[in-house]
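Here the structure comes first, spelled out in structure tokens, and everything after it is commentary.
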Amino acid sequence: MYQLSINQTAFLQNTWQKKPQVFRQAFKHFADPISADELAGLACEEEVASRIVLTTEQGNNWQVLNGPFTDYGQYGEQNWQLLVQALNHWYPDCQPLIEAFRFLPDWRFDDLMASFATPGGGVGPHIDQYDVFIIQGEGRRRWTVGDTGCHQQRGGATTSPLIENFTPIIDEILEPGDMLYIPPGFPHQGFTLTQAMSYSIGFRAPSQQELLSSMADYLIDHNQGQQRFTSTAEPQQPGMVPAAQQQGLLALLSELANAPQLYQPMLGKLLSQNRFELDLCEGETLSAKELQQALQEGAIISRIGGLKVLLLENDSESRLFINGESFAFATADLPHAQTLTNLTSIHSDTALGMLQSEGMCCLLRQLLAQGYYYLADDE
Ligand code: SIN
Ligand code: CO
């Protein structure tokens with residue numbers, strides 16, 4: 001169990017998405033959810049997204065190697081860092097750490113990235129388009145954070161995520177249990193003082209590009225959005241596109257943003273999808289009776305790591321969005337659907353209550369068969 005000791009109301013009001021801040025002992029008696037050896041083992045797996053960043057002796061150049069990795073001996077005792085994305089998909093034991101951040105909505109949550117760093121290791125100065133909470137596990141790392149503004153890409157490169165050195169507004173050493181929050185756009189850099197584990201809890205929101213491209217996909221897939229521009233007056237000059245017509249054309253787009261029956265399924269699909277591969281279960285096909293029996297024997301129904309289960313407020317239909325798919329339910333089952341969105345593990349009593357509804361029973365069996373949920377022992 002991880003208890004986040006910050007004033008959440010004050011954080012949401014004053015800090016979230018506004019400014020970087022260090023929280024000393026955000027987690028009292030913090031225990032690493034994974035060991036360095038286990039992390040290194042995961043980075044040997046093909047499906048797990050991992051990278052090693054090597055820093056030069058001078059500390060001014062960084063080389064990225066993409067996983068999977070087979071042998072770490074060649075990297076020595078210092079100046080490198082291993083980073084593993086979406087640890088929460090592959091390592092269910094880290095779920096309690098994520099639960100501590102569920103005061104923020106699930107749709108924004110991106111992943112838990114874990115890092116093992118040797119002294120001198122770091123990824124270099126960079127800017128993320130994410131909100132990130134960096135929690136220090138074992139060891140010590142020094143973090144500098146600069147202000148937003150115009151930051152040059154390193155060496156004039158256009159593709160590198162690295163930027164030139166910046167003037168810090170925060171320069172602090174994090175110890176186990178300390179946490180640094182950084183909103184999007186603030187340059188930052190971590191420098192490792194002693195062998196260290198750290199955990200980055202990332203949150204992101206879709207860009208206009210992503211929203212428009214999702215909307216276009218949705219309209220094409222469902223053969224919608226056929227409306228075209230019409231006008232009552234035309235310009236005097238044949239080569240001129242009048243301002244009123246420019247606005248009229250773009251108004252066709254804003255009409256989409258005012259049509260919930262179009263944008264709600266698009267948003268549900270987009271926001272319930274994950275950027276990283278999910279570790280889907282094989283899928284268990286159970287009859288209603290078999291499921292009931294398993295629950296009566298004390299099994300719990302668990303969600304696979306990273307799965308997003310969402311409801312849209314004021315949705316035009318009663319449906320859950322799970323991993324980009326929509327699942328209809330009877331309006332009377334809304335409280336059960338809310339249980340599915342809120343709980344990552346559903347205990348037997350609650351699940352047995354859900355089985356009272358035939359529709360919910362069907363839905364649970366379908367989710368188990370698709371490998372989104374699995375039956376587990378109650379610990
Ligand atoms: C790191 O742990 O050094 C990288 C994390 C980040 O900068 O977001
Ligand atoms: Co970063």
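As the structure lists them, so they are numbered: ligands from 1, and atoms in each ligand from 1. Each residue takes its place number in the sequence, starting with 1.
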Modelled atom types, side-chain donor and acceptor of [X] and [Y], under 3.5 Å:
X    : Y    : answer
S115 : Q81  : yes
D32  : Y199 : yes
S316 : Q264 : yes

Treating Ile, Leu, Val, Met, Phe, Trp and Tyr as nodes and any side-chain heavy-atom pair under 4.5 angstrom as an edge, say whether L367 and L278 lie in one connected cluster.
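Yes.
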Near E47 CD, under 6.0 Å, is it more than 12 heavy atoms from other residues, nucleotides or ligands?
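For E47, atom CD is crowded (more than 12 foreign heavy atoms under 6.0 Å).
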Salt bridge or not between [X] and [Y]? Use side-chain N to carboxylate O under 4.0 Å.
X    : Y    : value
D178 : R24  : yes
R204 : D131 : no
E172 : R141 : no

Select one of side chain, backbone, both or neither to describe which atoms of [X] lie under 4.0 Å from any atom of ligand 1, heavy atoms only.
X    : answer
Q189 : neither
Y130 : neither
D128 : side chain

Could you list which atoms of ligand 1 come closer than 4.0 Å to a heavy atom of [X]?
X    : result
H188 : 6 (C), 7 (O), 8 (O)
M113 : 5 (C)
R141 : 1 (C), 2 (O), 3 (O)

Would you say W143 and ligand 1 have an N/O pair spaced under 3.5 Å apart?
no
Examine S200 against ligand 1 and note whether any of their N/O atoms are separated by less than 3.5 Å.
no
For Q58, side-chain contact (heavy atoms from CB on, under 4.5 Å) partners two or more places apart:
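side-chain contact (heavy atoms from CB on, under 4.5 Å) list for Q58, sorted by chain: T56, N60.
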Taking T192 for its side chain and G121 for its backbone only, find out whether a donor-acceptor pair lies under 3.5 Å.
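Indeed, once roles are kept as given, a pair shorter than 3.5 Å links the two residues.
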From the Co ion (ligand 2), how many protein N/O/S atoms are found at a distance short of 2.8 Å?
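For the Co ion (ligand 2), the figure is 3.
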Nearest protein heavy atom to atom 1 (C) of ligand 1, by residue and atom, and its distance?
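Protein heavy atom with the smallest distance to atom 1 (C) of ligand 1: Q81 NE2, 3.4 Å.
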